[in-house]
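Written out below as structure tokens is the structure these notes cover.
Values in this document were obtained by computation on a predicted structure and should not be read as measured data. We use all heavy atoms of the structure for the numbers below, so side chains are in, but hydrogens, waters and symmetry mates are not.
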Amino acid sequence: MHRVSTLIIKFMKTSAQFLTGLVLSAVLFFSFSNVDAQQRRLRSGVQITPYKTTVIANGKDEISIRVVAIDPMGAEMKGANNLIKFSLQGDARITAIKPDNTADADKKLGDTSAQAHLVNGILWVTLTSGTTIGHLKFEAKSDTLFAGSTEIHEIQPGKPHPVTTAKYVPKKVTGKILGADISFLPELESRGMKFSDNGTPGDAIEIMKAHGFNYIRLRIFNEPANPKGYSPNKGFCDLAHTEAMAKRIKASGMKFLLDFHYSDYWADPQQQNKPAAWVGQDFTTLKKSLHDYTVKVMQALKEQGTTPDMVQVGNEINHGMVWPDGAVNNLDSLAQLIYAGVTAVKEVSPSTTIMLHIALGGQNPEARFFLDNMKARNVPFDVIGLSYYPRWHGTPEDLKNNMAYLAKRYPQQVMVAEYSQLKREVNDISFNVPNGKAVGSFIWEPISSWEGIFDRKGVANQYMDVVYPEIAKKYDVK
């Protein structure tokens, strides 16, 4: 069930229907019996993993896409030989289909459509870029499997212009992080949810601290109470709710990561919508607005004694942030917006570490492209944060190899900033990054997901009582 859970969790993050009113309540409190019933109704599907989702519009840049069949539980169907039909929209071509890195597949191949049978459950598809800036949509369908699709950004990056001439030495995170994003907690508590461990009621944060967690991540939106915001009329994850949660985190003795979305709504690689209050501003004003908002939040938290120990300047920003100005096709503008956020954080709290968070756990070519471009523009930051959901970001081996490569190529430390499933495997990888670059991990919403550390009634389960204490002990998390 855990792979299906991650798909649904990610859908929660990108669908307003699952984040408002009664629908959100149904998602968060869905019983296991209902989840099992839904799971039985799910079909097997085509899972596609593009190892780049940003391609250079030069007529020759290539994207490698892994195509597999998965069962309703999310496990790969190694013996599948289904006929897969591919389609591509946008200025690019399908240029190769192979079952591995050497052999040809039994295929029919055209520029924008193709088909081939899976060979032992897998195919590799190569796309070659065109010369037009825009978006590509790649889709894989089968008569007996649900379709898989992805969106790819085709860009012309231009010559880099540094945001500063100052040399920056990345700060080093001391100690290990076993963290969790529990931003849903105030909303759950507002609906009356209580938490307990071994029959003893308690605060969810305190229970987590007692079982090995030492860091809490909170997301913050500019004006989430807006009609089209994250939490219409209620404003969950606004500054006021963040201040209240920050007090609880610090009171528990845990550390605090603040995740700026710079939006009124969810920000991720598929959407980075500008806050309503910033719409229509010219770029100079936009940079000032982002800077001033960051200072406002940081100063409010500092004044109540809850300064964040770490800050994300943007959430999953490999396709940019604050669109369209900071979209990945405008890399200089993106770098300037990030720098506005970084300087704002440092003005209030020079000791706070800065993370750049990209959603590329196992996608090394894309991660390298983004980070090389930030390096070329001299963007100062301390930690590389990766999201890792196998449904989108490759295999555990992909994650391991990518983290090792990034640790060797860049001076920053590397960590998993979001994950849900494969808890032991992800943490074994995260805590064993080479070159002394290991930091740890943050699990996404473990108090409200189907792979949560509490059950639907708020009772601590095996993940809380067994898995995370063992991880904390194994890696000496304090």
Side-chain angles (χ1 to χ4, degrees), residues 169-183 204-218 246 248-259 306-312 349 351-358 361-362 367 381-388 396 399-447 451 453 460 462-478:
V169 178
K171 292 177 61 64
K172 185 176 176 62
V173 175
T174 57
K176 303 300 182 184
I177 293 175
L178 190 58
D181 186 322
I182 57 170
S183 303
I205 297 173
E206 297 288 352
I207 294 172
M208 293 173 68
K209 171 70 182 303
H211 288 76
F213 289 93
N214 66 349
Y215 230 112
I216 298 296
R217 176 199 197 215
L218 299 178
R248 293 171 63 180
I249 293 166
K250 292 292 188 176
S252 74
M254 299 174 80
K255 290 188 174 181
F256 170 30
L257 165 61
L258 182 62
D259 173 12
T306 60
T307 303
D309 301 279
M310 185 185 298
V311 165
Q312 285 180 224
S349 177
S351 64
T352 294
T353 54
I354 303 292
M355 178 199 294
L356 291 194
H357 175 206
I358 53 180
F381 68 102
D382 306 303
V383 177
I384 298 168
L386 304 168
S387 292
Y388 179 66
L399 174 66
K400 180 180 178 180
N401 292 340
N402 188 32
M403 294 187 78
Y405 180 92
L406 299 181
K408 293 176 182 177
R409 185 178 182 91
Y410 304 104
Q412 288 83 5
Q413 293 171 298
V414 186
M415 73 178 305
V416 175
E418 280 191 29
Y419 72 101
S420 180
Q421 60 198 112
L422 303 177
K423 294 171 173 56
R424 292 186 188 277
E425 295 91 333
V426 169
N427 279 287
D428 283 342
I429 293 168
S430 297
F431 285 107
N432 283 290
V433 176
N435 292 1
K437 298 289 187 68
V439 178
S441 68
F442 284 90
I443 184 171
W444 191 79
E445 288 295 354
I447 64 170
E451 275 216 342
I453 54 181
Q462 176 178 277
Y463 289 131
M464 177 76 86
D465 290 335
V466 178
V467 173
Y468 279 97
E470 288 181 357
I471 293 171
K473 182 178 180 180
K474 182 177 183 179
Y475 294 109
D476 195 28
V477 176
K478 302 297 186 182

Distance, nearest 0.5 Å, that separates [atom1] of [X] from [atom2] of [Y]:
X: Q312; Y: R217; atom1: CD; atom2: CZ; result: 4.0 Å
X: I182; Y: I443; atom1: CD1; atom2: CD1; result: 11.5 Å
X: E418; Y: Y388; atom1: CD; atom2: OH; result: 14.0 Å
X: L356; Y: L386; atom1: CG; atom2: CG; result: 11.0 Å
X: I447; Y: M464; atom1: CD1; atom2: CE; result: 9.0 Å

Residue pair [X] / [Y], side-chain heavy-atom distance below 4.5 Å:
X: T306; Y: I249; result: no
X: I453; Y: H211; result: no
X: Y475; Y: N432; result: yes

Taking all heavy atoms of [X] and all of [Y], pick out the closest pair and write down the distance.
X: I177; Y: F431; answer: O-CZ, 3.3 Å
X: V433; Y: M403; answer: CG2-CE, 3.6 Å
X: N214; Y: K176; answer: ND2-O, 2.8 Å
X: I429; Y: K400; answer: CG2-CA, 3.7 Å
X: M355; Y: A417; answer: SD-CB, 3.8 Å
X: E451; Y: S420; answer: OE1-O, 3.3 Å

Could you walk me through whether E445 and S183 pass the side-chain contact (heavy atoms from CB on, under 4.5 Å) test, one step at a time?
-> CA-CA 7 Å; E445 288 295 354; S183 303; 3.6 Å; yes
Between [X] (side chain) and [Y] (backbone), is there a donor-acceptor pair under 3.5 Å?
X: K423; Y: I471; result: no
X: Q413; Y: D382; result: no
X: Q412; Y: F381; result: yes

Between E425 and L399, does a side-chain contact (heavy atoms from CB on, under 4.5 Å) hold up when you go through it step by step?
-> CA-CA 10 Å; E425 295 91 333; L399 174 66; over 6 Å; no
Which residue pairs satisfy the salt bridge (charged side-chain N to carboxylate O under 4.0 Å, His left out) criterion with at least one member in residues 468-478, sequence neighbours excluded?
-> R424-E470, D428-K474, D476-K478
Qualifying salt bridge (charged side-chain N to carboxylate O under 4.0 Å, His left out) pairs with a residue from residues 403-415, counting only residues at least two apart or across chains | D372-R409
Steps toward side-chain contact (heavy atoms from CB on, under 4.5 Å) verdict (L218, D181) | CA-CA 6 Å; L218 299 178; D181 186 322; 5.6 Å; no
Mind running side-chain contact (heavy atoms from CB on, under 4.5 Å) on D309 and F256 for me, showing each step along the way?
-> CA-CA 5 Å; D309 301 279; F256 170 30; 3.9 Å; yes
Please tabulate, for the side chains in residues 434-442, all donor-acceptor contacts under 3.5 angstrom to protein atoms that are two or more places apart in sequence or on a different chain.
residue, atom, partner, partner atom, Å
K437, NZ, A407, O, 2.8
K437, NZ, Y410, O, 2.6
S441, OG, N427, OD1, 2.6

